[in-house]
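Note that the structure is a prediction, hence the values are computed from the model and not measured. For the single chain, residues carry numbers from 1 onward in sequence order.
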Amino acid sequence: MDVVTTKADLRAARAGLSGPVGFVPTMGFLHAGHMSLVARSRAECTTTLASIFVNPTQFGPNEDLDAYPRDMPRDLAMLEAAGVDLVFTPTPEVMYDRPTDFGVDPGTLGAVLMGALRPGHFRGVATVVTKLFNIVQPDRAYFGEKDFQQLAVIRAMVDALDQSVKIIGCPTVREADGLAMSSRNARLTPAHRAQAKVLHRAMEAAAHMTGTVEARRDRIRAMLAEAPDGEVESIDICDAATLKPLAGDPTGPAVILLAVRFGEVLLIDQRVF
């Protein structure tokens, strides 16, 4: 496995890769969820490339950029064991090597839901993913469905900007008790970790019940009360294709989107039904 840190070295290495080339962009501190993306890429592509980059432009001024967990040696060992061919590990100075206020505006899709809770977040995501696509030139790129709105934003961006990459969404990988795997889980206290499993149970209960969106939301909120330290930031039930809020009895595929904060750790999860 080769590891490169500059855009020039990445482009030179990419030129020698046979296709199709699969790409797994990550922010590091990898877990089994990331490895499932790698496995999917290796099954479908001749070559698999990954990136590790904690992108500062998608963090707000009071968010957890400095506290975001990092372990580059461990991550590289995991990627090598998984069969990744090439890894791009730029610094912020490499990715943002010239001052500019240019960026990719994700439009209304990036301004609602999590975008409303974290203003500017999806502009940072859309901009860095576009930069990575331009540098890597992948044929396919793999993203987890846990970050459901992020996946929707990236799909819309690729379509709107005629980017020549196929976006593959992959199922959420969960711990044995249902908690969605996330790099941020490592920052949960033992007490918060024990309480966090209620997110999945609440979504499952709401997905399997009959009744209106409002009744399902009430059921989720009541169950989340079992986590006394969890601060509910949002409970949204939306059209799974458009992310538009639903009301009354859902008639087509819908998605439950949760955001619950435990201390300084914001957990998000989703369930399509």
Side-chain angles (χ1 to χ4, degrees), residues 33 58 60 104-126 129 143-160 167-175 177-182 184-185 192 195-262 265-273:
Q58 67 191 66
V104 179
D105 182 354
T108 55
L109 190 58
V112 299
L113 304 171
M114 185 59 61
L117 291 177
R118 303 178 66 186
H121 170 70
F122 286 114
R123 185 180 193 273
V125 170
V129 171
F143 296 87
E145 292 176 350
K146 178 181 75 71
D147 298 297
F148 197 87
Q149 187 177 3
Q150 172 180 279
L151 179 58
V153 166
I154 291 169
R155 281 178 165 151
M157 176 190 76
V158 166
D159 180 63
I167 303 302
I168 310 296
C170 300
T172 302
V173 177
R174 299 183 178 279
E175 304 285 358
D177 61 4
L179 180 65
M181 290 190 176
S182 169
R184 287 188 168 91
N185 292 351
H192 290 168
Q195 294 177 34
K197 63 186 179 183
V198 74
L199 273 69
H200 181 59
R201 288 199 298 108
M203 291 189 302
E204 286 297 303
H208 286 100
M209 67 181 282
T210 58
T212 65
V213 163
E214 294 75 15
R216 294 169 195 262
R217 188 181 296 112
D218 289 343
R219 177 74 177 276
I220 292 170
R221 189 174 297 279
M223 292 186 67
L224 291 179
E226 298 174 18
D229 298 324
E231 179 184 347
V232 178
E233 301 235 346
S234 62
I235 304 171
D236 295 290
I237 303 179
C238 304
D239 182 281
T242 66
L243 295 188
K244 291 182 178 179
L246 296 175
D249 292 315
T251 58
V255 60
I256 301 166
L257 300 169
L258 289 189
V260 181
R261 186 177 299 278
F262 289 89
V265 182
L266 180 64
L267 298 183
I268 64 172
D269 206 346
Q270 57 79 31
R271 171 64 157 84
V272 176
F273 67 98

In Å, rounded to the nearest 0.5 Å, how long is the span from [atom1] of [X] to [atom2] of [Y]?
{"X": "R118", "Y": "R123", "atom1": "CZ", "atom2": "CZ", "answer": "15.5 Å"}
{"X": "I237", "Y": "L257", "atom1": "CD1", "atom2": "CG", "answer": "9.0 Å"}
{"X": "H121", "Y": "Q58", "atom1": "NE2", "atom2": "CD", "answer": "5.0 Å"}
{"X": "D236", "Y": "L243", "atom1": "CG", "atom2": "CG", "answer": "9.5 Å"}
{"X": "L151", "Y": "C170", "atom1": "CG", "atom2": "SG", "answer": "9.0 Å"}
{"X": "T172", "Y": "E145", "atom1": "OG1", "atom2": "CD", "answer": "6.0 Å"}

Are [X] and [Y] close enough that some pair of their side-chain heavy atoms sits under 4.5 Å apart?
{"X": "H208", "Y": "R271", "result": "yes"}
{"X": "P250", "Y": "R216", "result": "yes"}
{"X": "S234", "Y": "L117", "result": "yes"}
{"X": "F122", "Y": "M114", "result": "yes"}
{"X": "E226", "Y": "Q195", "result": "no"}
{"X": "F148", "Y": "Q150", "result": "no"}
{"X": "I268", "Y": "L258", "result": "no"}
{"X": "T242", "Y": "L109", "result": "no"}

With a 3.5 Å distance limit and no angle check, can you tell me whether [X] reaches the backbone of [Y] through a side-chain donor-acceptor pair?
{"X": "D105", "Y": "G110", "result": "no"}
{"X": "R217", "Y": "I235", "result": "yes"}
{"X": "D177", "Y": "L179", "result": "yes"}
{"X": "T212", "Y": "G248", "result": "no"}

- Message: Out of the candidates V255, V112, V213, only one should pair with C238 under the side chain to side chain contact (heavy atoms under 4.5 Å, CB included) rule; please name it.
- Response: V255

- Looking at D269 and R174, does any basic side-chain N land under 4.0 Å from a carboxylate oxygen? yes

- Message: Quick test of your reading of the model: are K197 and E175 salt-bridged, counting only N-O distances below 4.0 Å?
- Response: no

- Can you name the nearest heavy-atom pair linking I256 to F273, along with the distance? CG1-CE2, 3.6 Å

- Item | Non-hydrogen atoms of D239 and L246 that approach each other most closely | N-CG, 3.5 Å

- Residue pair V125, V153: steps toward the side-chain contact (heavy atoms from CB on, under 4.5 Å) verdict: CA-CA 9 Å; V125 170; V153 166; 5.6 Å; no

- Show the numbers, then the answer: is there a side-chain contact (heavy atoms from CB on, under 4.5 Å) between V104 and M157? CA-CA 9 Å; V104 179; M157 176 190 76; 4.2 Å; yes

